[in-house]
Amino acid sequence: QVQLVESGGGLVQAGGSLRLSCAASGRTFSGYAMGWFRQAPGKEREFVAAITRSGGSTYYADSVKGRFTVSRDNAKNTAYLQMNSLKPEDTAVYYCAAHTRYYIVTSGGEYAYWGQGTQVTVSA
């Protein structure tokens, strides 16, 4: 199995940027497709972005399309979420997750492994 640890969260003003990292350990990182999810207070967890094992395909929620970019470096066992033009409604705990399928997955229930989350707060 794989262990995931997120980092890079923090407090930023609206319009600012943050880059989240998800460091993986354990099994071979390139054997896992990755996803990013977020959960705001009082709301359900929602899909943000996903990337395939090789990084060749990505997919985004409409709410972040054009502002967020998901990427990965298999040599560094790390996935990233670059977040630009942040809005107060992006405030949430962000989680990275992993699964072993060969295609994009947007349902959190299909991800077997999760990190502990990192808080992102965007002030108006």
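Just so we're clear, the structure is a prediction, and the values are computed from it rather than from any experiment. The chain is numbered in sequence order, starting from 1.
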J.: Return the minimal non-hydrogen interatomic distance between Tyr111 and Ala50, and the atom names on each side.
T.: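 What the structure gives for the nearest pair is OH-CB, 3.8 Å.
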J.: Which residues pass the salt bridge (charged side-chain N to carboxylate O under 4.0 Å, His left out) test with Lys43, not counting sequence neighbours?
T.: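 So Lys43 forms no salt bridge (charged side-chain N to carboxylate O under 4.0 Å, His left out) with any residue.
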J.: Examine Val5 and Tyr95 and state if one hydrophobic cluster contains both, with Ile, Leu, Val, Met, Phe, Trp and Tyr joined whenever side-chain heavy atoms are less than 4.5 Å apart.
T.: no
J.: Which heavy atom of Tyr59 sits nearest to which heavy atom of Ile104, and what is that distance?
T.: CB-CG2, 3.7 Å
J.: Provide the full list of salt bridge (charged side-chain N to carboxylate O under 4.0 Å, His left out) pairs with a residue in residues 105-124, sequence neighbours left out, each pair given once.
T.: Arg101-Glu110
J.: Could you list all the salt bridge (charged side-chain N to carboxylate O under 4.0 Å, His left out) pairs where at least one residue sits in residues 47-59, not counting sequence neighbours?
T.: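 Qualifying pairs: none.
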J.: Which pair of non-hydrogen atoms, one from Ser17 and one from Ser85, has the smallest distance, and what is that distance?
T.: OG-N, 4.3 Å
J.: Taking the ring centre of each residue, are Phe37 and Phe47 less than 6.0 Å apart?
T.: yes
J.: With a 4.5 Å cut-off on side-chain heavy-atom distances among I, L, V, M, F, W and Y, is there a chain of contacts connecting Val93 to Leu11?
T.: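 Val93 and Leu11: separate clusters.
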J.: Locate the shortest heavy-atom distance separating Ala124 from Ala14; write the atom from each residue and the value.
T.: CA-CB, 4.4 Å
J.: For Asp90, which residues count as a side chain to side chain donor-acceptor pair (under 3.5 Å) partner, sequence neighbours excluded?
T.: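 Expected list: Arg38, Arg67.
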J.: Do Thr91 side-chain atoms and Thr121 backbone N/O form a donor-acceptor pair below 3.5 Å?
T.: no
J.: Tell me whether Glu44 at atom CD has more than 12 heavy atoms from other residues, nucleotides or ligands lying less than 6.0 Å away.
T.: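 Atom CD in Glu44 is not crowded, with 12 or fewer foreign heavy atoms closer than 6.0 Å.
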J.: Rounded at 0.5 Å granularity, tell me how far CZ in Arg72 sits from OG1 in Thr52.
T.: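 Atom-to-atom, Arg72:CZ and Thr52:OG1 are 7.5 Å apart.
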J.: Which ILVMFWY residues are connected to Val120, directly or by a chain of links, through side-chain heavy atoms under 4.5 Å apart?
T.: Val2, Leu4, Val12, Leu18, Leu20, Phe29, Tyr32, Met34, Trp36, Val48, Ile51, Tyr60, Val64, Phe68, Val70, Leu81, Met83, Leu86, Tyr94, Tyr113, Val122
J.: Would you say the side-chain atoms of Glu46 pair up with the backbone N or O of Gln39, donor to acceptor, closer than 3.5 Å?
T.: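 Side chain of Glu46 to backbone of Gln39, a donor-acceptor pair under 3.5 Å: no, none is there.
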J.: Nearest 0.5 Å, what's the OG-CD distance between Ser25 and Gln3?
T.: 4.5 Å
J.: Examine distances only and state if a side-chain atom of Ser54 and a backbone atom of Gly56 form a donor-acceptor pair shorter than 3.5 Å.
T.: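 Yes, the answer is positive, given that a donor and an acceptor are paired below the 3.5 Å cut-off.
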J.: Please answer whether the main-chain N or O of Glu6 pairs with a side-chain N or O of Gln116 as donor and acceptor at a distance below 3.5 Å.
T.: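 At least one qualifying donor-acceptor pair exists.
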J.: Kindly write out the residues that satisfy side chain to side chain donor-acceptor pair (under 3.5 Å) with Asp73, not counting sequence neighbours, or none if the list is empty.
T.: none
J.: Looking at Gln82 and Thr69, would you say the former's side chain and the latter's main chain have a donor-acceptor pair under 3.5 Å?
T.: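 Not at all, since once roles are kept as given, no pair shorter than 3.5 Å links the two residues.
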